[in-house]
Amino acid sequence: GPPLLFQLSTLPPVPTPTVTPTATATSTPTPNPTHTLTSTGSPTALPISRDHGSGTCWQSGPSWSVNNVSYVIDSSIPDSWFTSINAAANTWTDVLPSRFIFSYGYFSNNVVKYEVPLDDTILAGTAAIPDSSGSYEMAYTKINPLKSWDTSTPPTGMSFSVQNVMTHEFGHWLYLSDMYDENCSEATMDYSVATGEISKSDLTTYDIDGINYQYP
């Protein structure tokens, strides 16, 4: 089937966005939890994920048919960004009781790139490609090199935080949709992002509820 695009997830296309989510998320995942697999087989032997759910400040669509999804960081990405990107992925992996795991590796069709998205005014664009059954088969994110980025916490000047934006984008890999409700502005999956912002690096209870539904 056609790719499912999230091209407008981290706008706005102006130097200083007018929407600024609350700086402190309402909840953070349990730090450094240990994921214990209940099967001696492959991760695909774990309970199958769910899809097309919704709740307060979260909404989901299709899902991966497995609970362990690997990803690679393209050579176009600056080496100094790897820690921030992996931290963003681990933020979702660390949610319990969800058994979903992002696994960083060297061989995968799922890629994070430093490349201009289809719309060069946005910060990052994510696409997810379903297979014939409707489950995810491949995903990628393009981080726009035309924007100013920083790995500092918080980022300096008028720069955007790599980890902040990638935590949001990895949420799209899980098929959690953008939230446009002003009552959901604290959520990691809120559609807007500001320079200097780091609040999306931590998940709120809304985002945690979303992944726990999607990948029990």
Side-chain angles (χ1 to χ4, degrees), residues 5-29 56-60 73 76-78 80-92 94-95 102 112-128 139-211:
L5 298 177
F6 298 97
Q7 282 297 121
L8 301 178
S9 56
T10 53
L11 317 31
V14 295
T16 303
T18 57
V19 181
T20 303
T22 302
T24 303
T26 58
S27 174
T28 57
T56 302
C57 294
W58 69 271
Q59 185 171 352
S60 69
I73 299 175
S76 59
I77 296 286
S80 60
W81 291 16
F82 280 39
T83 298
S84 296
I85 293 172
N86 289 331
N90 290 338
T91 297
W92 294 101
D94 288 348
V95 175
F102 277 125
V112 180
K113 304 177 180 180
Y114 196 39
E115 185 177 315
V116 178
L118 292 178
D119 183 345
D120 63 7
T121 67
I122 67 170
L123 293 175
T126 290
Y140 65 82
T141 292
K142 294 181 178 181
I143 304 175
N144 194 343
L146 301 179
K147 303 297 182 179
S148 178
W149 297 94
D150 193 359
T151 57
S152 302
T153 305
T156 58
M158 297 297 292
S159 297
F160 294 94
S161 164
V162 173
Q163 182 174 342
N164 188 67
V165 169
M166 278 308 304
T167 303
H168 176 96
E169 294 303 319
F170 275 124
H172 286 320
W173 285 40
L174 301 171
Y175 206 113
L176 295 179
S177 303
D178 282 319
M179 291 288 102
Y180 293 93
D181 187 336
E182 62 181 11
N183 295 317
C184 303
S185 62
E186 294 181 354
T188 293
M189 298 313 297
D190 175 69
Y191 79 100
S192 65
V193 65
T195 55
E197 175 195 308
I198 59 173
S199 63
K200 286 180 171 59
S201 298
D202 293 323
L203 306 181
T204 66
T205 54
Y206 311 134
D207 309 294
I208 291 170
D209 287 346
I211 186 177

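Along the sequence shown, the residues carry numbers beginning at 1. This one's a predicted model, so the numbers in the text were calculated from it and none came from an experiment.
With contacts defined as side-chain heavy-atom distances shorter than 4.5 Å, the pair Tyr140/Thr126 does not qualify. Within the 4.5 Å cutoff, side-chain heavy atoms of Pro145 are placed close to those of Val116. Annotation: side chain of Val193 is in contact with side chain of Leu123 (closest heavy-atom distance under 4.5 Å). Between Met166 and Val112, some side-chain heavy-atom pair lies under the 4.5 Å cut-off.
The two residues Gly125 and Pro117 come nearest to each other via the heavy atoms N-CG, 3.9 Å. Taking every heavy atom of both residues into account, Pro154 and Ile198 meet most closely at CA-CG2, 3.8 Å. Here the closest non-hydrogen pair linking Thr141 and Ala124 is CG2-CB, 4.3 Å.
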| request: Please step through side-chain contact (heavy atoms from CB on, under 4.5 Å) for the pair Thr205 and Thr56, ending with a clear verdict. | output: CA-CA 9 Å; Thr205 54; Thr56 302; over 6 Å; no
| field | Working for side-chain contact (heavy atoms from CB on, under 4.5 Å), residues Asp178 and His168 | value | CA-CA 9 Å; Asp178 282 319; His168 176 96; 2.9 Å; yes
| task | Show your working on side-chain contact (heavy atoms from CB on, under 4.5 Å) between Met179 and Gln59 and close with a plain yes or no. | result | CA-CA 8 Å; Met179 291 288 102; Gln59 185 171 352; 3.9 Å; yes
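Of the possible polar contacts, none joining the Asp209 side chain to the Trp58 backbone as a donor-acceptor pair under 3.5 Å is found. Under a 3.5 Å cut-off, the side chain of Lys147 and the backbone N or O of Asp120 do not form any donor-acceptor pair. Using a distance-only test at 3.5 Å, with no hydrogens or angles considered, a donor-acceptor pair links the side chain of Asn144 to the main chain of Ile122. The backbone N or O of Ala87 lies less than 3.5 Å from a partner atom in the side chain of Thr91, making a donor-acceptor pair. A donor-acceptor pair under 3.5 Å is formed between the side chain of Asn164 and the backbone N or O of Lys200.
Here Ile143 contributes atom CD1 and Glu115 contributes atom CD; the two are 11.0 Å apart, rounded to the nearest 0.5 Å. For the atom pair OH (Tyr191) and OG (Ser177), the distance works out to 15.5 Å, reported to the nearest 0.5 Å. To the nearest 0.5 Å, atom OG of residue Ser192 and atom CD of residue Glu197 are 7.0 Å apart. In this structure, the separation between CZ on Phe160 and OG on Ser148 is 8.0 Å, given to the nearest 0.5 Å. Once rounded to the nearest 0.5 Å, the distance linking CD1 of Ile211 with CG of Leu174 reads 5.0 Å. Within the model, atoms CG of Leu176 and SG of Cys57 stand 12.5 Å from one another, a figure rounded to the nearest 0.5 Å.
Side-chain N/O atoms of Thr188 and Asp190 include no donor and acceptor closer than 3.5 Å. Ser161 and Trp149 share no donor-acceptor pair across their side chains, judged by distance under 3.5 Å alone. No side-chain N or O of Thr167 forms a donor-acceptor pair with one of Ser201 less than 3.5 Å apart. For the 3.5 Å distance criterion, the side chains of Thr204 and Glu186 fail to qualify, holding no donor opposite an acceptor.
For Tyr114, the ring-ring contact (aromatic ring centres under 6.0 Å, His included) partners at least two apart in sequence or on another chain are Trp81.
The one candidate from Thr151, Ile77, Val165 that meets the side chain to side chain contact (heavy atoms under 4.5 Å, CB included) condition with Ile85 is Ile77.
The aromatic rings of Phe102 and Phe170 sit tilted, their planes meeting at an angle between 30° and 60°.
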